[in-house]
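One structure is given here, and the rest of the page talks about it.
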Amino acid sequence: MEPILEVKELTKDFGGLRALDRIDLKVHRGQIVALIGPNGAGKTTFFNCITGIYQPTKGEMLISPGGKEKKSLNGLKPNHVTKSGLARTFQNIRLFQNMTVLENVMIGRHCRMHAGIPGAVFRNPATMREEKQVVEDSYRLLEKIGLEQYVNEYAKNLPYGAQRRLEIARAMATEPFMLLLDEPAAGMNVKETKELDDLIVQICHQEKISILLIEHDMKLVMSLSDLIYVVDYGKKIAEGTPEEIKNNPDVIKAYLGEEVDA
Amino acid sequence: MFSFSEIKKSLLISLWFMFLTFPIMVIRVNTIYKTIEWRWDRMIMVGVGSFFLSFLWRFFIGKKETGKKKTDTGEVQQLTWIQRLTENKKIYLPSLVAISVFVVLFPFVFSMYQTNIMTTALIYVVVGLGLNIVVGLAGLLDLGYVAFYAVGAYTYALLNQHFGLGFWTVLPLGAAMGFMFGVILGFPVLRLRGDYLAIVTLGFGEIIRLILENWNAFSSGPSGIANIPRPGLFGLHLSLHQNIIYMYFIMIGLAIFTIFIVGRLQDSRLGRAWIALREDEVACQAMGIDKTRTKLSAFALGATWAGMGGVMFAAKTTFINPASFTIWESIIILCVVVIGGMGSVLGVICGAMVLILLPEYLRAFSEYRMLLFGAILVIMMVFRPEGIISNVRKTYKFEGLKDNNKDNS
Amino acid sequence: MEYFIELFLGGLTRGSIYALIALGYTMVYGIIQLINFAHGEIYMIGAFTALIVAGILSMLGWNPVAILIIASVIAVVYSASYGWTIEKLAYKPLRQAPRLSALISAIGMSMFLQYYVLLAQTSNFLPFPSLIPDFKFMEPIEHIVRSSEIVIYITTAIVMVFLTFLIKFTRIGKAMRATAQDRDMAMLVGIDVNKVISFTFIIGSATAAIGGVLVASHTGQINYYIGFIAGIKAFVAAVLGGIGSMPGAVLGSLVLGMSESFFTGYISSDYEDVFAFLFLVFTLIFRPSGILGRSDTDKV
Ligand SMILES: Nc1ncnc2c1ncn2[C@@H]1O[C@H](COP(=O)(O)OP(=O)(O)O)[C@@H](O)[C@H]1O
Ligand SMILES: [Mg+2]
């Protein structure tokens, strides 16, 4: 079985700074893979390269959603990446603050809809059906994520934890085969983190969406992940199962001086 | 309120303004006749005026700040009066009827002059709604919008001059030309960010005007094109008076048409994408929305209305020249959108009415009107930056799975 | 060849003048991200103030050089005062408001000041005394470059050196750079941001006033509208160079001035402004952040 995401020797320079240095990474179908490392290690940059927000300096990024044909992500614009089935959340929440929760999810559905200018103006039956469908689909998705009570609220009025979940819902609305979550538990309390843990498991097992996760909460990472990659200063310093990572001396050294929040 | 320290503050302010305005207000030199005119009375006026105005200014600034604090702490989302008005069917329907009656009777009750001004205001409603798509919804600052207005006007004037095409034939052509120019000019510039976009669109606006001004063979240069026919009505001969009324109703029709179409665009898949784009470009792209296409559609659709408005403008004034399409025109249309309340259709209508009618009625102050206009813009922005009608965007509201539909929130 | 040199020097003159105005634009933009539409009017007010002062003094029969110096100083003081006041009145209350609101406020201020001068003075062009003397040593090349142009080059250079020094090495300069980088962070480390913004307006306006006086005595006439046109051109120059960057503003101004000069000299004077804007558009298409602007990918 081919990996659904394969990254080879990914390198990204910002002027003189090498934020990513020849990173290799593979994600297989049904896996939850974690990417960890100290602040500034280059994790978010890695996401930005894969999702087309930054152009990598070197390296190859391939996806293979069906497990057969490979498709390169190099040079794709972010919207095309999303359309190919990779969706992401952001470390610093980037919701559409002045739109409602429902509308945020509806935007996620955008790339799976078809109506254009004529549809908007003439409101033909197909468009009307689509519009009705999108509201319904979005609501059902919100139910799954557990946000249905906020459906008509403005995103900016949501509690912090709910905002993070809404970002996940919005990403899922694009019908990805793989979700990239950038520090989804940041700023959450213990209870919210537990709920998030359950949600991620649910997404992976029930929705059959594989997950690549950046997270600092080690407890969450250890309990969730099938495979963990550790980066430091843009270099991959380890990869393995949670057990292997826990006992890896390099990882312990990289985190030395930086508190591992348990 | 009138404590000693307040008075002292105002005194200082008044002294400051007397100093500030001293050379320009008080002294006038004539270097040819070698005379100097001293107008001390003006200094006293400035002093007294700024003394009292500074009290008012501070009072309103204070009021605005306490108001802001209240809405920050008070969790309840306050409905604006306009929301309450549109919510309540008992008020909404009768007022709609009343407005319709007023609109229909207007040209018969008021003078030709008034009707003419109202027609102008309606043109601004149409182009304002067009620009609102670009600036208010998609968040693209376009300072060269008048270019498309000029394209529409010259389309009519030239097609009429050379091929004898009539108003009704050219109206859709003007719109199409607007759209086309929107795409052509929009394509190269839309990857620019914020203020770069603003200045480049300003540049394009000026380029088009300057070309019209200098390319005599094509556009008759600065002297413009005269004798453009007014809209026809099945070949009937209309007197000037009748024609003014006729144009008024055409504009009412066009305005309603615009409101209808723009409303539909706004409440569509595309409209949602525009708003999302304004909110956060990066997130928007990451959600699979094609940034360039979405921006381009906003830009071109906005330009379409300008093209249409331009045709109407040419037909109404029967004479156009490049001087009608300066950057100031773009700015005034932009002000219509912002003063009215960005993103809100009702806001744009109010904005057009206020901005076009106000200077007309300020004619009483004749030469002071542009001065007042500038001051009103500043004061408006300082005390009510969200515009007359703060944005009451329709949001998608979910009301159960069976019969969900959209509603005013 | 001589024609080429003449065009080159003419371009340098234009560029220097654009630079004096563009610097103020770019500084203000760098700090509060506002296109200060009223900046051109500050320049115009500087020119008018100088005209009034110069008019009075020349009737008293003073020596032109003394008049030039005094008129310039007073113009600088007044323009700076106007800049400071405008910021307090029209922009400061809008710090938290949407950027477009501040822009509209600036446009309103620009209109207000134009008509204020029109009403208080006149709508006609006023002759401006030529205060810059013709230097003796310039006589042989007077047909290529005028004395006033030499003064413009030198003054612009001095102003630029002074501003660079100010921004690079002084306390307030450092505070300005910090505020431009990140206003909230600057506030956190104890920088009085309001003071920095005020200071930026004062410096920018003073620079514009110097430009106003020089241009007025070079061209010999002014009216209430000169600021608007010069302002737009200077803004184009600032954007061309990369708005927010001071060397960018100077470079953009020189590039714009030169290319305009060569274009009008060799090709066509009708389409001068068309050329200027097309030049801008093409530059930005290939370098979306201007010549010296940071072309950074936004941090996500
Ligand atoms: N757009 C950018 N421009 C310049 N440097 C950047 C940019 N984005 C990230 N960096 C740098 O790259 C490094 C890695 O950052 P990041 O990927 O955000 O780290 P992490 O997410 O692991 O905390 C940091 O040193 C950061 O300053
Ligand atoms: Mg990160």
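This is a predicted model, so every value here is computed, not measured.
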Selection from Arg39(B), Arg209(B), Glu37(B), Glu213(B) maximising heavy-atom pairs under 4.5 Å formed with chain C:
Arg39(B)
Minimum heavy-atom distance between Pro23(B) and Gln121(C), given as atom pair plus value
O-NE2, 3.8 Å
Phe187(B) atom CZ: more than 12 heavy-atom contacts under 6.0 Å:
no
With chain C as the partner, which of Ile376(B), Thr21(B), Ile24(B), Leu377(B) has the greatest number of non-hydrogen pairs under 4.5 Å?
Ile24(B)
Per-residue contact mode, Val338(B) against chain C (heavy atom under 4.5 angstrom):
side chain
Option in Val135(B), Thr35(B), Ile339(B), Val26(B) with maximal non-hydrogen atom pairs under 4.5 Å from chain C
Thr35(B)
Under 4.5 Å heavy-atom distance to chain C, tell me which part of Ile61(B) shows up: side chain, backbone, both or neither.
side chain
Residue part contacting chain B, namely of Phe48(C), when any heavy atom lies under 4.5 Å
side chain
Could you check whether atom CZ of Phe181(B) has more than 12 heavy atoms from other residues, nucleotides or ligands sitting under 6.0 Å from it?
no
Which atom pair, heavy atoms only, marks the closest approach of Leu119(C) to Tyr368(B)?
CD1-CD2, 3.5 Å
Shortest non-hydrogen pair, Ala50(C) vs Val213(C), comes out as CB-CG2, 3.7 Å
Name all residues meeting the ring-ring contact (aromatic ring centres under 6.0 Å, His included) criterion together with Phe125(C); count only those two or more places apart in sequence or in a different chain, and write none if there are none.
none
Per-residue contacts, residues 226-239 of chain C versus chain B, heavy atoms under 4.5 Å:
Phe228(C), Ile232(C), Phe235(C), Val236(C), Val239(C)
Is it the case that Ser58(C) and Lys34(B) place a side-chain donor and acceptor less than 3.5 Å from each other?
no
Chain B contact via Ile243(C) - which portion, at a heavy-atom distance below 4.5 Å
both
Could you tell me which portion of Leu141(B) (side chain, backbone, both or neither) has an atom closer than 4.5 angstrom to a non-hydrogen atom of chain C?
side chain
Interchain contact, Leu280(C) with chain B, by part (heavy-atom threshold 4.5 Å)
side chain
Does a donor on one side chain and an acceptor on the other come within less than 3.5 Å for Ser10(B) and Arg58(B)?
yes
Is the side chain of Thr26(C) donor-acceptor paired with the backbone N or O of Ala22(C) at a distance under 3.5 Å, no angle test?
no
Interface moiety of Phe282(C) toward chain B, non-hydrogen atoms closer than 4.5 Å
neither
Which region of Ile331(B), side chain (C-beta onward) or backbone (N, CA, C, O), has a non-hydrogen atom less than 4.5 Å from a non-hydrogen atom of chain C, or is it both or neither?
side chain
Distance, nearest 0.5 Å, that separates NE2 of His39(C) from CD1 of Ile42(C)
7.5 Å
How far does CH2 of Trp62(C) sit from CG of Leu60(C), to the nearest 0.5 angstrom?
7.5 Å
Per-pair distances, 0.1 Å, donor-acceptor, side chain in residues 99-109 of chain C, under 3.5 Å, sequence neighbours excluded:
{"unit_1": "Arg99(C)", "atom_1": "NE", "unit_2": "Gln33(C)", "atom_2": "O", "d": "3.2"}
{"unit_1": "Arg99(C)", "atom_1": "NH2", "unit_2": "Asp195(B)", "atom_2": "OD1", "d": "3.1"}
{"unit_1": "Arg99(C)", "atom_1": "NH2", "unit_2": "Asp195(B)", "atom_2": "OD2", "d": "2.3"}
{"unit_1": "Ser101(C)", "atom_1": "OG", "unit_2": "Pro385(B)", "atom_2": "O", "d": "3.2"}
{"unit_1": "Ser105(C)", "atom_1": "OG", "unit_2": "Ala90(C)", "atom_2": "O", "d": "2.9"}

Comparing Asn214(B), Val29(B), Leu202(B) against chain C, the one with the most heavy-atom pairs below 4.5 Å turns out to be Asn214(B)
Partner set under side chain to side chain contact (heavy atoms under 4.5 Å, CB included) for Phe19(B), not counting sequence neighbours
Trp16(B), Val77(C), Tyr78(C), Ser81(C)
Counting heavy-atom pairs under 4.5 Å to chain B, which of Pro127(C), Ala276(C), Ala97(C) comes out on top?
Pro127(C)
Determine whether the aromatic ring centres of Phe279(C) and Phe263(C) lie less than 6.0 Å apart.
no
Less than 4.5 Å to any heavy atom of chain C: does that hold for the side chain of Ile327(B), its backbone, both, or neither?
side chain
Contacting moiety of Phe128(C), where chain B heavy atoms sit under 4.5 Å
neither
Please round to the nearest 0.5 Å and tell me the distance separating atom CD1 of Ile67(C) and atom CD1 of Ile56(C).
11.0 Å
Return the minimal non-hydrogen interatomic distance between Ser79(C) and Ser205(C), and the atom names on each side.
O-CB, 3.3 Å
Which value, rounded to the nearest 0.5 Å, describes the distance between Leu118(C) atom CG and Tyr115(C) atom OH?
6.5 Å
Counting heavy-atom pairs closer than 4.5 Å to chain C, which one of Leu371(B), Ile36(B), Leu210(B) comes out on top?
Leu371(B)
Can you tell which of Ile199(B), Leu192(B), Ile379(B) has the highest number of heavy-atom pairs within less than 4.5 Å of chain C?
Ile199(B)
Structural part of Leu278(C) lying under 4.5 Å from a heavy atom of chain B:
both
Below 4.5 Å from any heavy atom of chain B, which atoms of Leu94(C) appear? Answer side chain, backbone, both or neither.
side chain
Side chain, backbone, both or neither: which part of Trp57(B) has a heavy atom under 4.5 Å from chain C?
side chain
Region of Gln114(C) in contact with chain B, defined by heavy-atom distances below 4.5 Å
side chain
Answer key: most heavy-atom pairs under 4.5 Å with chain B among Val117(C), Ile45(C), Thr85(C), Leu113(C) is Thr85(C)
Toward chain B, the part of Ile35(C) with a non-hydrogen atom under 4.5 Å
side chain
